[in-house]
Every structure is written in C-alpha cells, then in structure tokens.
Amino acid sequence: MRRKSSAVNLFLLPLLHLISEVDSHEMTDQPTKQKLWGGRFTGKTDPLMHEFNLSLRYDRRMYAQDIRGSIAYAKALALRGILSQAEERKIVDGLTAVRKEWENGQFQIEPDDEDIHTANERRLSELIGSLGGKLHTGRSRNDQVATDMRLWLLDEVKEIEASLKALITVMVERADKEQDILMPGYTHLQRGQPIRWSHFLLSHAFSFQNDLQRLRQLIPRISVLPLGSGALAGNPFAVDREFLRRELGFESIAENSMWGVGDRDFIVEFMMWASLTMTHLSRIAEDLIIYSTAEFSFVTLSDAYSTGSSIMPQKKNPDSLELLRGKSGRIFGNLAGFIMTLKGLPSTYNKDLQEDKEPLFDTVDNISSCLRIAEGVIATLDAHKEKMEAALTMDILATDLADYLVRKGIPFRETHHISGRAVALAESRKCQLNDLTLEDYKTLNDKFSEDVHGVFDFEASVEKRNAIGGPSREMIARQINVLRKALAN
Ligand SMILES: *[C@@H]1O[C@H](CO)[C@@H](O)[C@H](O)[C@H]1NC(C)=O
Ligand SMILES: *[C@@H]1O[C@H](CO)[C@@H](O)[C@H](O)[C@H]1NC(C)=O
C-alpha cells in the first residue's frame, strides 16, 4: 500500500498509516496475523502514532495549573492518611521544584512525555524517587486534565475581562470628550438622521458591555471542580472534594463523575462567547473601515495601526481593522470545529477530547490580541469633525420637518407625505430644504409658518431626541453613566 503510493493516496497515507497501526495493536496477541500487513508491525507504537498522540507541545502551557491541581490532590490524600505528612511535604516540595523548572525555562522534556501530566509526574519521580508514584492514587488523567483546563480558562477569562473593560473604557472616554461632533447616522448605509459621533461609539460600546456581562456569566459554569471524579466512576479513597474545591478556588463540584470527566461545554460556551464578541469587533471594524475611506474621511487611523501599500504610495490601509474582521471567521471556525468533534462522542472521556486544546488556546490568544488591538485603534484614531459635519445634508432633517407638522396637530402619516413632497421640490430646484421659501412651504401645507426655518438646525434636531436612548447631550451622559457603572462592577 505504501510502496505503490500515487500522488492522490499520498494525502491519504497518514490516515491509512493510522488505521493499520490501530489494527496492529489488536494484533499483538496474534503474531501470525501480522504478516498480512508486513513484518514492520512489531506491536510497538509506530513513531508517527506516538507523535500523533502527543499533546505536550501545546498543553505544556497548563503546567502551572497542573501543578496546582497536584499539590491540592497530595494534600487531600494526606487528609485521608494515604500519604503521611512527611510524604505530603516531600511531594509538595517536589512539585514546587518542578514548577520552578518550568518558570525558569529549565524543564527538560523527554521523548516519552506524552502530555503535561506525565511530564510533570515523571520529573517529580526523578526528583523525589518512587514516592512520586503515590500521587496518582485514585486520580486519573481524565479528571486531572478536565481540572487543568478549567483552572487555566478561569485564569485567562480574568485577563480577557480586563482587556474587554479597557476597550469599553476607551470608547466611553472618547464618547465623553467628543460630544460636540455631529455626524449622519446611517441605515442601509444611507444617510438617515443626524446623531452625535459619541452616540455611534456608544452604540458599539453597549454590544461590548453585553459581552462583558455574558463573559462574567460563564464563570459559574467554568468554575466547577472535576478532580475526584477519577477515570469515570469516582474516587475510591473518599477524597474530600469539598476540601479540593476550596483549595483550588472552584465555585462548585462536579456532582456526577461521568459528567465531570466528559463535559467540555464550558469550552464550547467560551468559544460561543468569543465568536459573538468577535462579531461585534468585526462590525465596528467594518464601520471604521468605511469611515476611513477617502470618500467618507470621517476618521484617520494612526500610523501605528495602518500599513502602506507595496505598490501604491498614496495608500494607507486599515489592516488592523481588516484583521479584526478577518479573525472573526477563524474564531467561529474553532467553535464549529470543536462542536463537530463533540457531537456523537460516547459518554465520559474519549481521546477526541484532546482536540479541545488547540482551538481553545487559539481562541484565547487571538481574541486577547484582537481586544487589545481594537482598544489601540480606537484610542488613537483621529475623528474629523469638519468632514462628518460636511456630510450632514438638509435632507436628513426630512423626518424633523414631518415632526414639525405633527407638533402642529397633523397626523404623522400625512406629514411624512408632505415632507416627502418638500424633498422632491428641493430636488427639482436642485437646492436644499432650507433654501425653499416660506411661500414654497405654504403651497405644500398652510400650517407651515415663519418658524419652519428653525427645523434646519442639526444640533437642535439631535437635542430634541431626548428620550432615553437618544443622542441628546443629556442622554449621552446617561449612557456613559450606565457603562461606567457596568465597568465598576
Ligand atoms: C497516547 O497517549 C495516552 C495519554 O494521553 C497514553 O495513555 C497512551 O499510551 C498513548 N498511546 C500511544 C500509542 O502512544
Ligand atoms: C492566534 O493563535 C495562534 C495559535 O495559538 C498563535 O500562534 C497566534 O500567535 C495567535 N495570533 C494572535 C494575533 O494572537
């Protein structure tokens, strides 16, 4: 099969290789059958399989959480008399020494270290002798890895929460400082009604505030202790799981050991959270990309977050924003991929679950960068008041014109129509709504009077929108207040 490999089955080779290797494991008891597959299968692990099986390359980043879990577990074993106090001390000191080696970059990885758990335990036994082998009493890598993952993610969530808060803070501070800037608000990317630039910024900040709330709500479901679930059927040495919970700072305990070792919903949920948050980053990125075009020129990104073109010297590309938009696809891909891995898995632990780590690590790393980049972009961009205000054309006050007649007692359905006719009249004269004379307006409806020209004031229009949620100064201040409170929580 291997010798005759064509270009096409070269792609299949690794797969075939694995299938044959799985069989060879089963065949180790029946040596005669091996010949069918060639003598090279000796029952030893294929080197590629060995490599395929390894996770240390990426799970080593959980070394600190793995050691924290082991120290707590050693203490729990001592409480049950499975370790003497002297043994406990020796194990805890040994584990502390192993952690120092990782911290100082001195930890020597051996070829047989499959994952972070075996690597740490192997090193522990080298340091303290065969006593190291007592640590795993009643524990399985199944409850150990689930514990490590949860501890690790809890640590990361704290960092991510801080980055998200920093992003919201920058948006709130800008919104507070730049309230004087008016701009058109868009629907369907068509000019709709005047708003404040602050109102635009805050509209995105509220999405991020929701993300902050959702992130915090994930914590109780991540903060569940699996340790003490054993391989699947619980711990036979009556370890005190309440002690472990307190020692490791979990909020609650996995009440069912099979669920404890098999559940990865906390990872799915985190990646769902990340996908939605990335969607929000992508949407503000898209707005700002449009606003940074020469056609709009509402904003200019700082040089720190833009790049030039390799061929067109005049260009300044919003690469930072495009990457934020692009990475949303990657993060969602991580979620979609892992959900497919979970779907159809039988109960409890299966090796497939090793596939939780790379997408999770990738998601954490990339969303952390994205949040920090977004904060930097928004903190440093220039907002161009003149350009935004130059885009305020009188036609976007057509709703205000209709509202003017509503205040004179005419039903909105009619005033909408009358205002539309005023827009059409101005268009036919190639002038703006405020260039039409009072006489022109009177021909449309006799309720128009001298004060109609008061309608054509953008600042006044924005200030009239003073119900909760509006862009008036008072309501901007209210929004800022709400967000500051959410940040302080
Ligand atoms: C694969 O790794 C697991 C631990 O995750 C280990 O128990 C098993 O022996 C390894 N198998 C091979 C074939 O290396
Ligand atoms: C995205 O994740 C990968 C894998 O963890 C990492 O190598 C890369 O540096 C991350 N990118 C960013 C921008 O954080």
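All values reported here derive from a predicted model rather than from experimental measurement. Order of appearance sets the numbers: ligands from 1, and atoms from 1 within every ligand.
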Show me the donor-acceptor pairs within less than 3.5 Å that the side chains of residues 289-297 make with the rest of the protein, sequence neighbours left out.
from: S292; atom 1: OG; to: L288; atom 2: O; distance (Å): 3.3
from: S292; atom 1: OG; to: I289; atom 2: O; distance (Å): 2.9
from: T293; atom 1: OG1; to: I290; atom 2: O; distance (Å): 2.7
from: T293; atom 1: OG1; to: F296; atom 2: N; distance (Å): 3.3
from: S297; atom 1: OG; to: A294; atom 2: O; distance (Å): 2.8

Q: For R214, check side chain to side chain contact (heavy atoms under 4.5 Å, CB included) against everything at least two apart and list the hits.
A: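 Here the qualifying residues are N210, D211, Q217, W273, L276, H280.
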Q) Can any side-chain N or O of R216 pair as donor or acceptor with the backbone N or O of N489 at less than 3.5 Å? A)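 Side chain of R216 to backbone of N489: a pair is present.
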Q) Sub-3.5 Å donor-acceptor pair from the side chain of S223 to the main-chain atoms of P220, do we have one? A)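 Judged by distance alone, no pair lies under 3.5 Å.
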Q | Distance-only donor-acceptor check, side chains D66 and Q144, under 3.5 Å | A |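 D66 vs Q144: donor-acceptor pair found between side chains.
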Q. Going by the ring pair (Phe, Tyr, Trp, His ring centres under 6.0 Å) test, which pairs reach into residues 152-174, not counting sequence neighbours?
A.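 Of all non-adjacent pairs touching residues 152-174, those that pass ring pair (Phe, Tyr, Trp, His ring centres under 6.0 Å) are W152-F361.
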Under 3.5 Å, N/O to N/O: give me all the pairs between ligand 2 and the protein, one per line with atom names and distance.
from: ligand 2; atom 1: 2 (O); to: R330; atom 2: NH2; distance (Å): 3.4
from: ligand 2; atom 1: 2 (O); to: D362; atom 2: OD2; distance (Å): 3.2
from: ligand 2; atom 1: 2 (O); to: N366; atom 2: ND2; distance (Å): 2.3
from: ligand 2; atom 1: 5 (O); to: D365; atom 2: OD2; distance (Å): 3.1
from: ligand 2; atom 1: 11 (N); to: N366; atom 2: OD1; distance (Å): 2.7
from: ligand 2; atom 1: 14 (O); to: D365; atom 2: O; distance (Å): 3.3
from: ligand 2; atom 1: 14 (O); to: S369; atom 2: OG; distance (Å): 2.7

